[in-house]
Amino acid sequence: MSDKLIFEHSRSGRRASAQAPLAATANDLPEKFLRRSPPLLPEVSELQTVRHYTRLSQKNFSIDTHFYPLGSCTMKYNPRACNQLAMLPGFLARHPLGPESHGQGFMSCMYELQEMLKAVTGMKEVSLTPMAGAQGEFAGVAMIRAYHRSRNDNDRNEILVPDAAHGTNPATATMCGYSTREIPTGKNGDVDIEALKAAVGPQTAGIMLTNPSTVGVFDRSIQEMSRIVHSAGGLLYYDGANLNAILGKVAPGDMGFDVIHMNLHKTFSTPHGGGGPGSGAVGVGDRLKEFLPLPVVGKDGDRYRWLTEADFPQSIGRLSAFMGNAGVLLRAYVYMRLLGRKGMERVSENAALGANYLMKKLQDAGFELAYPERRASHEFIVTLKKEKSELGVTAMDFAKCLLDHGYHAPTTYFPLLVPECLLIEPTECEAKEDLDGFVAAMIAIREQAKTDPEKVKGAPYTMPVRRLDDVRAARQLDLRWQPGAEN
Amino acid sequence: MPFIPHTDDDTGKMLAEIGAESVADLFDEIPDELRIKSLDRVPEAVSEMEIARLMQDRARMDSGALNFIGAGAYEHHVPAAVWEIATRGEFYTAYTPYQAEASQGTLQLIYEYQTMMSGLTGMEVSNASLYDGASALAEACLMAVRANRASKSRRILVAGALHPMYRQVADVICAAQEIEFIDLPFCSEGGHCVLQSLDKYSGEDLTAVIVQQPNFLGVLEEVDAICDWARAQKALTIAVVNPTSLALLTPPGEWGDQGADIVCGEGQPLGIPLSSGGPYFGFMTTRLALVRQMPGRLVGRTVDLDGKRGFTLTLQAREQHIRRSKATSNICTNQGLMVTAATIYMSLLGAEGLARVAGAAHRRTGELCAALCELPGVERVFNRPFFHEVVIRLDRPVAPVLAMLADHEVFGGLDLTPSHPQLGNALLLCATETKNAADIVRYRDLLAEILNRESAAG
């Protein structure tokens, strides 16, 4: 397989000439505005481009090619129908500022998506505009801030975050002007209620929670947490990272949450795309309705229209130039219609079935669970601290060996509070025999670690590259190719 | 059930292994009172064939109009190969390349993307992309506050006609950071930022100056002078640019004596369909010296154990999953799939092809503007050079005219009355290379008919 960069295929004067307008056009732009030398872009043929990027794609693991049990990321099958139908020419060609009269088809999909998301989350209103989970978090915390300010309750300067939370939670709180206070996780995996009671006060703006949590269990004290935080005057933020585990079973609105974001790229199966685009729609309860980010799709009679600042004068405002990741939202809409009412429940049921089965099989095979007395949600944690102390191999070594066995690694070293952890999420889409295969690979790696630990520590061997020098990458920064650079 | 592989036999065996009687047992830690009572508001499932029919009908409802709206989202030809390759499952269904050895495709592609964006903007480093142009500008403002240690004021000057939505998004995202934005007016004749309007702030503590080239109204700004003035005030220059234009226009890295400091913008023109506003991608490039203040993912070149070239995420110590509340941003993903498409687009076109796109788009808008301005009651508003987007004024309110054009399946441009009432009955036009001479004639004739009819009626 070629390892060249696209620039190394480049030859002066070579072009894919059918792709651009045929005639070179003289232009009337004054000389002083013009660039003096052309930008560094490759000069390659169409075939070279197609072959180069096709070959690059083949250097990736993906859901379509490999079991990808990346915990907390919900790497489920992305139905091809969702992609094909979102890419119908009528949807692709629609300008975001085109008149409402010519957007009724698209807007009807968005309106119905809002309604379905309200139904499964138990929230009162939904805005689809945030462009990723982290932007949904931003919208949510900004709404909490707007709420307190609207009540002249200006001394609340702190957001509570469990120590197992995603890093985006504290980073978001900072962007919204809050300091964060961490709440420890108890031994059983639930948030430490006594610590929470001690932490809340007149400074508490709210708490950001993921339930089921990032340690892979449903926090059973959620109603009590809700009472504690609400009685201190704070609001509850639901991080929807793990919504797949309870889809159709439990609605965050019923757990007492005031605001939630949903990762449509997880629960509703829009593609991860090598790291985006995501979509972080937000839902709110009664307290936060008037602060929703815009636009939202409304319906008057049988006509759909954009709801704007005129409808929501207290809105936190806009998060994107237009309406967010519309094409992603169309994919989520198609997925939800294909699932239907019963399908929603089947998702969480089978996600839980796969996770609990895989957890039990790994436990039976002698791997240590972080929370062995608990049910798995849609994911669970294996800790390899015993393997590290007895065999000298780490969670990272297991992760790299799994690649050689044809499995994408689970999430490693997150959450930070469990040593040598693998966070494993099989999703509802993986067949029993594939889960069994993963267990067999884990056993085989451990056996190899007993007989030949150095081999394990040197993995992977079958990937396009072996382990990379991350220290060199950071110390000798090389972030772009330059002509004449050594290879 | 869709997308679930388990047979009844599988389910039985899996439950037996777990030691559970039923699937319901797996949820026995959840209090009963939290169970959803009813999902009646979610419709019953439909088949792929049925949803395809529905979506085709809805897509058709929105189809067919001839579009002359730009305003930050531009209708360019997208070569067939772009999305054929970008939607290959290996790109489409991979995730953030945390396991570098199993993600070399995505990582090398991002490295190539970073190289292309650095070249296009004339800067030293590019990140792996942000959400869109508007949020990229907001992130650039936050970055400027971190990066400009000489400034204590957190004051950012907006020089002239910035996209109004970008301005709003910057306000929303920077709301809690005590940043003060100062909006300088644009010239009513030229549509540009007049240099004398900056004088009032000479010698003051400014963190950054934002300038958009071409600006929201399509007008070319005196970017060299603005950039030099900003440097004299020890303010950073934040350039907001259209990537297509950079095939022809001076890249921000060469503005003035020393170039802009942070460059950002909307990547959509590089092979991304209009698609009702997203997903697009924001790009950001900067000087090497500021890279540690930059938000978002970065891919670096390194070597593996055998000394072979490879690519990996780098400088992750800036990011939320390591730094948590002290991260440069809460951003987690980039817009990977859109960057995949844009990289393929730029490879196919090359510098020469992109210059043809830019030149043809600019020429068509010029032809459109000239054709419309032949009509009585239609005039060009600004006398300065523009790039591929231009403002005209009608002799009557714009909204009813646009509605009549839309009735005839022509989107005649963006009504500027709500955002820029000081311009009167103004309209922002954009043609791009996708429009031919017949399209321009069609628009002109329709507009002539509407203006005539209305004049007669009035």
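Just so we're on the same page: letters track the sequence lines, and every chain starts at 1. Everything quoted here is computed from the prediction, not taken from an experiment.
Every salt bridge (charged side-chain N to carboxylate O under 4.0 Å, His left out) that Arg318(A) has, sequence neighbours left out, goes to Glu309(A). The salt bridge (charged side-chain N to carboxylate O under 4.0 Å, His left out) search around Arg480(A) returns none, not counting sequence neighbours.
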- Task: With side-chain contact (heavy atoms from CB on, under 4.5 Å) as the test, would you mind laying out the steps for Asp28(A) and His362(B) before giving the verdict?
- Result: CA-CA 9 Å; Asp28(A) 59 353; His362(B) 178 60; 2.7 Å; yes
- Begin with the C-alpha distance, continue with both residues' side-chain angles, and end with the deciding distance and a verdict on side-chain contact (heavy atoms from CB on, under 4.5 Å) for Arg472(A) and Val303(B). CA-CA 8 Å; Arg472(A) 174 180 156 137; Val303(B) 294; 3.9 Å; yes
- Task: Apply side-chain contact (heavy atoms from CB on, under 4.5 Å) to the pair Leu5(A) and Gln108(B), showing each step before the final yes or no.
- Result: CA-CA 8 Å; Leu5(A) 291 160; Gln108(B) 182 177 327; 3.7 Å; yes
- Could you go step by step and tell me if Gln135(A) and Ile173(B) meet the side-chain contact (heavy atoms from CB on, under 4.5 Å) rule? CA-CA 10 Å; Gln135(A) 219 193 21; Ile173(B) 293 180; 4.0 Å; yes
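Contacts of Gln104(A) with chain B are made by both backbone and side-chain atoms, with heavy-atom separations under 4.5 Å. Looking at Leu26(B), both its backbone and its side chain come within 4.5 Å of chain A, counting heavy atoms on both sides. Only the backbone of Ala247(B) has a heavy atom closer than 4.5 Å to any heavy atom of chain A. Contacts between Phe311(B) and chain A at a heavy-atom distance below 4.5 Å involve backbone atoms as well as side-chain atoms. No part of Glu319(B) comes within reach of chain A, as not one of its non-hydrogen atoms sits under 4.5 angstrom from that chain. Residue contact with chain B, scored on non-hydrogen atoms closer than 4.5 Å, is absent for Ala173(A). Contacts between Met75(A) and chain B at a heavy-atom distance below 4.5 Å involve the side chain alone, from C-beta outward. Heavy atoms of Glu124(B) lying under 4.5 Å from chain A belong to its backbone as well as its side chain. Looking at Asn67(B), the atoms closer than 4.5 Å to chain A (heavy atoms on both sides) all sit in the side chain, from C-beta outward. Only the backbone of His166(A) comes within contact range of chain B, with heavy atoms under 4.5 Å apart. For chain A, the nearby part of Pro385(B) is the side chain; its heavy atoms alone come within less than 4.5 Å.
Scanning all heavy atoms of the two residues, the minimum distance from Ser276(B) to Met323(A) falls at O-CG, 3.5 Å. Taking every heavy atom of both residues into account, Leu339(A) and Ala45(B) meet most closely at O-CB, 3.4 Å. Gly90(A) and Ser63(B) make their closest contact through CA-OG, 3.1 Å (heavy atoms, listed as atom of the first residue, atom of the second, distance). Closest heavy-atom contact between Val250(A) and Ile30(B): CG2-CG2, 3.6 Å. Annotation for Thr49(A) and Ser347(B): closest pair CG2-CB, 3.8 Å, computed over non-hydrogen atoms. Minimum interatomic distance between Pro21(A) and Arg356(B) (heavy atoms only, all atoms of both residues): O-CD, 3.1 Å.
No donor-acceptor pair closer than 3.5 Å links the side chain of Lys326(B) to the backbone N or O of Thr174(A). Between the side chain of Arg35(A) and the main chain of Glu254(B), no donor-acceptor pair closer than 3.5 Å is present. Checking side-chain atoms of Asp62(B) against main-chain N and O of Phe106(A) turns up a donor-acceptor pair under 3.5 Å. Proximity of a side-chain donor or acceptor of Glu29(B) to a complementary backbone N or O of Arg375(A) within less than 3.5 Å is detected. Using modelled atom types, no side-chain atom of Thr302(B) and backbone atom of Leu468(A) make a donor-acceptor pair closer than 3.5 Å. No donor-acceptor distance shorter than 3.5 angstrom exists from the side chain of Asp478(A) to the backbone of Arg301(B), with no hydrogens or angles considered. Within the 3.5 Å criterion, the main-chain N or O of Asn330(B) finds no donor-acceptor partner in the side chain of Thr168(A). Without hydrogens or angle criteria, Tyr357(A) side chain to Ile18(B) main chain gives no donor-acceptor distance under 3.5 Å. A donor-acceptor contact shorter than 3.5 Å links the side chain of Thr93(B) to the backbone of Ile63(A). For the pair Asp64(A) (side chain) and Glu90(B) (backbone), a donor-acceptor distance under 3.5 Å is absent.
One finds the CZ atom of Phe61(A) at 12.0 Å from the CD atom of Gln104(B) (value rounded to the nearest 0.5 Å). To the nearest 0.5 Å, atoms CZ (Arg341(A)) and CD (Glu44(B)) are separated by 4.0 Å. Separation of atoms CD (Gln84(A)) and CE (Met55(B)) is listed at 11.5 Å; rounding is to 0.5 Å. Note that CG of Leu305(B) and CZ of Arg467(A) are 7.5 Å apart. Values are rounded to the nearest 0.5 Å. Put simply, CZ on Arg94(A) and CE on Met61(B) are 11.0 Å apart, with the number rounded to the nearest 0.5 Å.
Using a 4.5 Å heavy-atom threshold, the side chains of Leu288(B) and Leu477(A) count as touching. In this structure the side chain of Pro2(B) never reaches within 4.5 angstrom of the side chain of Arg346(A), judged on heavy atoms.
With chain A as the partner, the residue from Ile51(B), Leu220(B), Val42(B) showing the most heavy-atom pairs under 4.5 Å is Val42(B). Contact tally against chain A (heavy-atom pairs below 4.5 Å) for Val23(B), Asp132(B), Asp57(B): the top residue is Asp132(B). Residue with the most contacts toward chain B among Gly343(A), Gly317(A), Cys176(A), Ser320(A): Ser320(A) (heavy-atom pairs, distance under 4.5 Å). Among the candidates Lys118(A), Lys76(A), Glu430(A), His66(A), the residue making the largest number of heavy-atom pairs closer than 4.5 Å to chain B is Glu430(A). Between chain B and the residues Gly177(A), Pro271(A), Ala20(A), the largest count of heavy-atom pairs under 4.5 Å involves Pro271(A). With respect to chain B, the highest number of heavy-atom pairs below 4.5 Å among Phe7(A), Tyr178(A), Phe91(A) belongs to Phe91(A). Per-residue counts of heavy-atom pairs under 4.5 Å with chain B were compared for Leu403(A), Ile6(A), Leu70(A), Asp470(A); the largest is that of Ile6(A). For the set Phe138(A), Phe414(A), Tyr53(A), Tyr77(A), the entry with the most heavy-atom pairs within less than 4.5 Å of chain B is Tyr53(A).
With salt bridges taken as basic N to acidic carboxylate O contacts below 4.0 Å, none links Arg466(A) and Asp304(B). Note on Asp254(A) versus Arg35(B): no salt bridge recorded, every NZ/NE/NH1/NH2 to OD/OE distance being 4.0 Å or above. The existence of a salt bridge linking Arg15(A) and Glu352(B) is confirmed by a sub-4.0 Å separation between a basic side-chain nitrogen and an acidic carboxylate oxygen.
For the pair Lys249(A) and Phe27(B), the distance from NZ or CZ to the six-membered ring centre is under 6.0 Å and the angle to the ring normal is within 45 degrees.
Summarising the local packing, CD of Gln168(B) is surrounded by more than 12 heavy atoms from other residues, nucleotides or ligands at distances under 6.0 Å.
Ring geometry, His163(B) versus Phe322(A): the interplanar angle exceeds 60°, so the pair is classed perpendicular (tilted spans 30 to 60°).
When ring centroids are compared, Phe411(B) and His102(A) come within the 6.0 Å threshold.
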